[in-house]
Asks: 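Here it is, the structure in full.
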Amino acid sequence: MEPHRWLPLEANPDFLKQLGIHPDWQFVDVYGMEPELLSMVPRPVCAVLLLFPITEKYETFRTEEEERIKAKGQDVKSSVYFMKQTINNACGTIGLIHAIANNRDKMNFETNSSLKKFLEDSLSMTPEERAKYLETYEAIRVTHESSAHEGQTEAPSIDEKVDLHFIALVNVGGHLYELDGRKPFPINHGETSDDSFLEDAIEVCKKFMERDPEELRFNAIALSA
């Protein structure tokens with residue numbers, strides 16, 4: 001069977017509004033990773049989305065990381081909301097779902113919010129079941145498609161191979177988790193706090209950049225109050 005495929009998504013700030021999330025939280029650009037540039041990001045920050053290139057170096061690292069965690073194990077709280085990615089080019093929307101789902105107690109949803117309903121329906125599902133549910137959930141797909149067309153650059157064709165990928169970094173119960181639907185499980189990056197979360201998340205982003213020093217295609221946005 002042909003895999004499901006969506007149009008690639010840019011970081012479009014209207015996307016949250018279209019999904020029925022009250023604008024008291026907004027995605028803002030992180031202009032740089034130095035302390036003075038991080039100080040320009042409005043606080044508190046409850047999630048960071050990182051856009052990065054999928055390169056050979058990264059794929060080698062990803063395989064090694066997975067084997068290492070499977071051998072050694074890691075602590076992942078049961079309250080972490082994680083879903084797999086089975087739809088091509090849906091990583092932006094899945095990153096956003098990860099960001100909102102793990103901060104849903106802080107969000108104000110409009111009464112008819114399609115994302116609120118999706119989260120309520122999928123809360124008791126496995127990561128694989130959530131992925132399957134998203135494949136059939138028209139309201140989010142339609143919002144994703146219209147948002148992809150509204151980006152600042154022309155949306156690539158639906159069949160074009162895109163080698164850029166979004167992941168979410170979130171704080172759940174005082175631990176910083178990397179949530180990537182291409183991976184089999186969340187990655188626990190250690191302790192964090194509400195106050196230090198942005199700086200801690202940016203340290204994780206820096207590691208992605210250090211693994212691929214020739215690459216320039218990195219971009220971070222923060223979900224800020």
Asks: Mind running salt bridge (Lys or Arg N to Asp or Glu O under 4.0 Å) on Lys116 and Glu120 for me, showing each step along the way?
Replies: CA-CA 6 Å; Lys116 182 180 191 226; Glu120 285 170 350; 3.5 Å; yes

Asks: Roughly how far, to the nearest 0.5 Å, is the CG atom of Leu216 from the CZ atom of Phe218?
Replies: 8.5 Å

Asks: Side-chain donor-acceptor pair under 3.5 Å between Thr55 and Glu215, yes or no?
Replies: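 Checked: Thr55/Glu215 side chains show no N/O donor-acceptor pair below 3.5 Å.
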
Asks: Would you say CD of Glu56 has more than 12 non-hydrogen atoms from neighbouring residues, nucleotides or ligands within 6.0 angstrom?
Replies: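 At most 12 heavy atoms, drawn from other residues, nucleotides or ligands, come within 6.0 Å of this atom.
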
Asks: Taking atom CD of Glu128 as the centre, report whether more than 12 heavy atoms of other residues, nucleotides or ligands fall under 6.0 Å from it.
Replies: yes

Asks: Regarding Asp180 and His165, is there a side-chain donor-to-acceptor distance under 3.5 Å anywhere?
Replies: yes

Asks: For Pro23 versus Gln26, what's the shortest heavy-atom pair and its separation?
Replies: CB-NE2, 3.1 Å

Asks: Would you indicate whether the side-chain heavy atoms of Cys205 and Leu50 approach each other to under 4.5 Å?
Replies: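 A side-chain contact exists here, since the closest heavy-atom pair is under 4.5 Å.
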
Asks: Do the side chains of Phe185 and Glu66 get nearer than 4.5 Å, heavy atoms only?
Replies: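 Touching, per the 4.5 Å side-chain cut-off.
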
Asks: If hydrophobic clusters are built from ILVMFWY residues whose side chains come within less than 4.5 Å, do Ile187 and Ile54 share one?
Replies: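 No.
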
Asks: Under 4.5 Å between any side-chain heavy atoms of Ile221 and Asp29, yes or no?
Replies: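 Ile221 vs Asp29: side chains touch.
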
Asks: Nearest 0.5 angstrom please: Leu16 CG to Trp25 CH2, how far?
Replies: 11.5 Å

Asks: If I take atom SG from residue Cys46 and atom CG from residue Leu223, how far apart are they, to the nearest 0.5 angstrom?
Replies: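 Cys46 SG to Leu223 CG: 4.0 Å, rounded to 0.5 Å.
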
Asks: Assess the residue pair Lys207 and Glu178 against the criterion (salt bridge (Lys or Arg N to Asp or Glu O under 4.0 Å)); give the C-alpha distance rounded to whole Å, side-chain angles, the decisive distance to 0.1 Å, and a yes or no.
Replies: CA-CA 12 Å; Lys207 288 177 185 159; Glu178 172 194 332; over 6 Å; no

Asks: Shortest non-hydrogen contact from Ala220 to Val48?
Replies: CB-CG1, 4.4 Å

Asks: Kindly write out the residues that satisfy side-chain hydrogen bond (donor to acceptor under 3.5 Å, both in side chains) with Asp121, not counting sequence neighbours, or none if the list is empty.
Replies: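 Result, side-chain hydrogen bond (donor to acceptor under 3.5 Å, both in side chains) vs Asp121: Lys117, Tyr133.
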
Asks: Is it the case that one hydrophobic cluster holds both Ile69 and Leu179, taking links as side-chain heavy atoms less than 4.5 Å apart, direct or via other members?
Replies: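 Each belongs to a different hydrophobic cluster.
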
Asks: Do Leu38 and Val30 touch side chain to side chain, with heavy atoms closer than 4.5 Å?
Replies: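 In short, these two side chains touch, coming nearer than 4.5 Å.
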
Asks: Would you confirm whether Arg211, through its side chain, and Tyr58, through its main-chain N or O, come within 3.5 Å as a donor-acceptor pair?
Replies: no

Asks: Are any side-chain N or O atoms of Asn219 and backbone N or O atoms of Leu51, one a donor and one an acceptor, separated by less than 3.5 Å?
Replies: no

Asks: Do Asn188 and Val80 come close enough that some side-chain heavy atom pair is under 4.5 Å?
Replies: no

Asks: Looking only at non-hydrogen atoms, find the nearest pair between Leu169 and Ala201 and report the distance.
Replies: CD1-O, 3.6 Å

Asks: Taking all non-hydrogen atoms of both residues into account, name the closest pair between Ser114 and Ala139 and its distance.
Replies: CB-CB, 3.6 Å

Asks: I'd like to know if the side chain of Arg217 and the backbone of Pro53 have a donor-acceptor N/O pair within less than 3.5 Å.
Replies: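 No, because the side chain of Arg217 does not come within donor-acceptor range (under 3.5 Å) of the backbone of Pro53.
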
Asks: Check the pair Arg62, Glu59 against salt bridge (Lys or Arg N to Asp or Glu O under 4.0 Å), reporting the backbone distance first and the verdict last.
Replies: CA-CA 5 Å; Arg62 183 168 73 101; Glu59 290 294 73; 2.9 Å; yes

Asks: Can you measure from OH (Tyr177) to OG1 (Thr192) and round to the nearest 0.5 angstrom?
Replies: 11.5 Å

Asks: Quick one: do Ile21 and Leu123 end up in the same hydrophobic cluster if we chain Ile, Leu, Val, Met, Phe, Trp and Tyr together by side-chain heavy atoms under 4.5 Å apart?
Replies: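 Yes, one cluster joins them.
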
Asks: Would you check if the side chain of Arg130 reaches a backbone N or O of Leu119 as a donor-acceptor pair within less than 3.5 Å?
Replies: no

Asks: Would you mind listing every ring pair (Phe, Tyr, Trp, His ring centres under 6.0 Å) that reaches into residues 61-83, with sequence neighbours excluded?
Replies: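 Listed once each, the pairs are Phe82-His98.
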
Asks: Assigning hydrophobic clusters by single linkage (Ile, Leu, Val, Met, Phe, Trp, Tyr; side-chain heavy-atom cutoff under 4.5 Å), is Val28 placed with Leu37?
Replies: no

Asks: Does the salt bridge (Lys or Arg N to Asp or Glu O under 4.0 Å) test come out yes or no for Lys132 and Glu135, once each step is laid out?
Replies: CA-CA 5 Å; Lys132 287 282 168 214; Glu135 288 178 9; 3.5 Å; yes

Asks: So, for Ala99 and Val170, which heavy atoms are closest and what is the spacing to 0.1 Å?
Replies: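 Scanning both residues, the minimum pair turns out to be CA-CG1, 4.1 Å.
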
Asks: Considering non-hydrogen atoms only, spot the tightest contact between Ala168 and Gly95 and give its length.
Replies: CB-O, 3.5 Å

Asks: Say whether, by atom type as modelled, one donor and one acceptor occur between the side chain of Ser113 and the main chain of Leu19 under 3.5 angstrom.
Replies: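 A pair under 3.5 Å: yes.
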
Asks: In terms of hydrophobic clustering (I, L, V, M, F, W, Y; side-chain heavy atoms under 4.5 Å; direct or indirect links), are Phe118 and Met125 co-clustered?
Replies: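 Phe118 clusters together with Met125.
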
Asks: Does the side chain of Glu214 reach to within under 4.5 Å of the side chain of Lys57, using non-hydrogen atoms?
Replies: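 They are in contact (side-chain heavy atoms under 4.5 Å apart), so the answer is yes.
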
Asks: Quick one: are Met107 and His22 in side-chain contact, heavy atoms under 4.5 Å?
Replies: no

Asks: Can you tell me how far the CZ atom of Arg182 sits from the CD1 atom of Ile94, to the nearest 0.5 Å?
Replies: 11.5 Å

Asks: With a 4.5 Å limit on heavy-atom distance, are the side chains of Leu134 and Ile97 in contact?
Replies: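 A side-chain contact under 4.5 Å exists here.
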
Asks: Lys84 side chain to Lys183 main-chain N or O, any donor-acceptor pair under 3.5 Å?
Replies: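 Yes; judged by distance alone, with no hydrogens or angles, the pair exists.
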
Asks: With Ser193, which residues qualify under side-chain hydrogen bond (donor to acceptor under 3.5 Å, both in side chains), at least two apart?
Replies: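 Checked Ser193 against side-chain hydrogen bond (donor to acceptor under 3.5 Å, both in side chains); matches are Ser196.
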
Asks: Under the side chain to side chain contact (heavy atoms under 4.5 Å, CB included) criterion, do Phe27 and Leu96 qualify, and how do the steps go?
Replies: CA-CA 10 Å; Phe27 278 109; Leu96 187 141; 3.8 Å; yes

Asks: What distance do Leu49 atom CG and Ile167 atom CD1 have between them, rounded to the nearest 0.5 Å?
Replies: 9.0 Å

